[in-house]
Amino acid sequence: MTRFWMGSYLRKIKILPIDLKVPVSFNLPPAYAFIQKFLSHFKLEQEELQILTNHRSLISVVQERDSVSPVRGLALGEPSTVWSSVNHPVLPNRLRDLSWMVAHEILPVRSVMHSRGMSRSSTCPRPGCDAPESVRHLLWECSAAVEQWALAGSLQFPCLPAGDVLTAQLVLYGVGQRPQSQKDFAAQWLTLAAIKDATWTSRNLLVRKHKQIPPVAVIRMAAATVTMARAAGGKPRTQPQRRIASVPIRMKEPEPHGKSSRQQRPGSPGEAGGKEP
């Protein structure tokens, strides 16, 4: 079927040999036109047969020729480093997804949701913070984030740099003053991603359940994520549900539906003055 529908085009790019005994279609149907468009867009029509018939080689060639997506605030040569760090093998799938959304600045914080008409306010949900909640604000500029990064120093995580060396570009994108060895950077990048994930989790608990997580508990949660990722050896795994010590902001939670309607009748068992059966 493929030979019939795409015979003329596959013969043109020398994937199929010329065989006049086999029926060939000279008009490429629209259903298969995307293959021709793909090969033409990435200039793959003149590639060798070994590349066109091997999906791994084809993906490698396409990635090399595809333009690198820019990252706001970074130099021209740095986005390629950012995207390689996003897909770093030391990160579990959850942290890779988080790093990808941070690099694209599409993490669903309030400023992003408000710009798309999905949130009534763009203000940071932290009590006393009236700044717009952007991705950078959540993970670096907010007072809660500043306190968390101060606790997550070199004493808590020896792989992290101390003092002013820890910059926003290093935290958010993994660029800047990085360790010399790949092993040291892998440990550092895993720790940074785990802290960002714990910060994002604590923020969601604050917004959805009105519970504020102490910075010490956020750092402990990040340390547990690092331990689980190292135990998995970089293999994708589903992380178990985490129990987090939190402080509720609301003084009184609403009663469950129907709880107030369950009342004991006079004289029922357990009622004061009731009769035993």
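Between Asn54 atom CG and Glu47 atom CD the span is 12.5 Å, to the nearest 0.5 Å. Distance check: Gln177 CD to Gln169 CD gives 12.5 Å after rounding to the nearest 0.5 Å. Atom CD of Glu48 is separated from atom OG of Ser57 by 10.0 Å, given to the nearest 0.5 angstrom. Rounding to the nearest 0.5 angstrom, the gap separating the CG atom in Leu44 from the CD1 atom in Ile51 is 8.5 Å. Note: Arg208 CZ to Leu205 CG = 8.5 Å, rounded to the nearest 0.5 Å. Here the straight-line distance linking atom CD1 of Ile195 with atom CZ of Phe157 works out to 4.5 Å at 0.5 Å rounding.
Smallest separation of non-hydrogen atoms from Val218 and Ala198: O-CB, 3.5 Å. Residues Trp200 and Pro108 approach most closely at CH2-O, 3.6 Å, considering heavy atoms. Thr191 and Val226 make their closest contact through CA-CG2, 4.0 Å (heavy atoms, listed as atom of the first residue, atom of the second, distance). Looking at every heavy atom in both residues, Val135 comes nearest to Val109 through N-CG2, 3.9 Å. Smallest separation of non-hydrogen atoms from Leu91 and Trp189: CD1-NE1, 3.3 Å. Listed here is the closest heavy atom pair of Ala103 and Val86: CB-CG2, 4.3 Å.
Enclosure of atom CZ in Arg220 is not indicated, since only 12 or fewer non-hydrogen atoms of other residues, nucleotides or ligands lie within 6.0 angstrom.
With contacts defined as side-chain heavy-atom distances shorter than 4.5 Å, the pair Glu105/Val112 does not qualify. By the 4.5 Å heavy-atom criterion applied to side chains, Gln156 and Leu151 are not counted as neighbours. At least one side-chain heavy atom of Leu95 sits under 4.5 Å from a side-chain heavy atom of Leu190. Here the side chains of Cys129 and Cys142 are in contact, with some heavy-atom distance below 4.5 Å. Between Pro79 and Val175, the closest side-chain pair of non-hydrogen atoms is not below 4.5 Å. With contacts defined as side-chain heavy-atom distances shorter than 4.5 Å, the pair Asn204/Lys209 does not qualify.
Judged purely by atom type and a 3.5 angstrom limit, Arg96 uses its side chain to pair as donor or acceptor with the backbone of His88. At least one donor-acceptor pair under 3.5 Å links the side chain of Thr201 to the backbone N or O of Asp197. No side-chain donor-acceptor contact under 3.5 Å links Lys196 to the backbone of Leu139. Panel note: side chain Gln188, backbone Cys159; a donor-acceptor pair is recorded below 3.5 Å. Trp140 places no side-chain N or O within donor-acceptor distance of the main-chain N or O of Trp149, the cut-off being under 3.5 Å. In terms of modelled atom types and a separation under 3.5 Å, the side chain of Ser84 and the main chain of Thr81 share a donor-acceptor contact.
Aromatic rings from Trp83 and His104 are positioned such that their centres are separated by under 6.0 Å.
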Can you list the steps and then say if Glu133 with Arg203 is a salt bridge (charged side-chain N to carboxylate O under 4.0 Å, His left out)? CA-CA 11 Å; Glu133 189 194 27; Arg203 179 265 181 196; 2.8 Å; yes
Run the side chain to side chain contact (heavy atoms under 4.5 Å, CB included) test on Trp100 and Ile106 for me, step by step, so that the C-alpha distance in whole Å, both residues' side-chain angles and the decisive distance to 0.1 Å come before the verdict. CA-CA 9 Å; Trp100 186 86; Ile106 59 173; 3.4 Å; yes
After noting the C-alpha distance and the side-chain angles of Arg94 and Thr225, does the key distance pass the side chain to side chain contact (heavy atoms under 4.5 Å, CB included) rule? CA-CA 10 Å; Arg94 174 188 176 91; Thr225 302; over 6 Å; no
Walk me through whether Ser85 and Ser99 qualify under side chain to side chain contact (heavy atoms under 4.5 Å, CB included). CA-CA 8 Å; Ser85 300; Ser99 301; over 6 Å; no
For a side chain to side chain contact (heavy atoms under 4.5 Å, CB included) check, start with the C-alpha distance between Arg126 and Leu206, then their side-chain angles and the critical distance, and finish with the verdict. CA-CA 8 Å; Arg126 297 285 179 182; Leu206 175 63; 3.7 Å; yes
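Applying the side-chain hydrogen bond (donor to acceptor under 3.5 Å, both in side chains) test to residues at least two apart or on different chains, the pairs with a partner in residues 107-122 are Ser121-Thr123.
Put simply, Val146 and Leu166 are part of two different groups of oily side chains (I, L, V, M, F, W, Y) that touch within less than 4.5 Å, one to the next.
With 3.5 Å as the limit, one finds a donor-acceptor pair spanning the side chains of Ser181 and Asp184.
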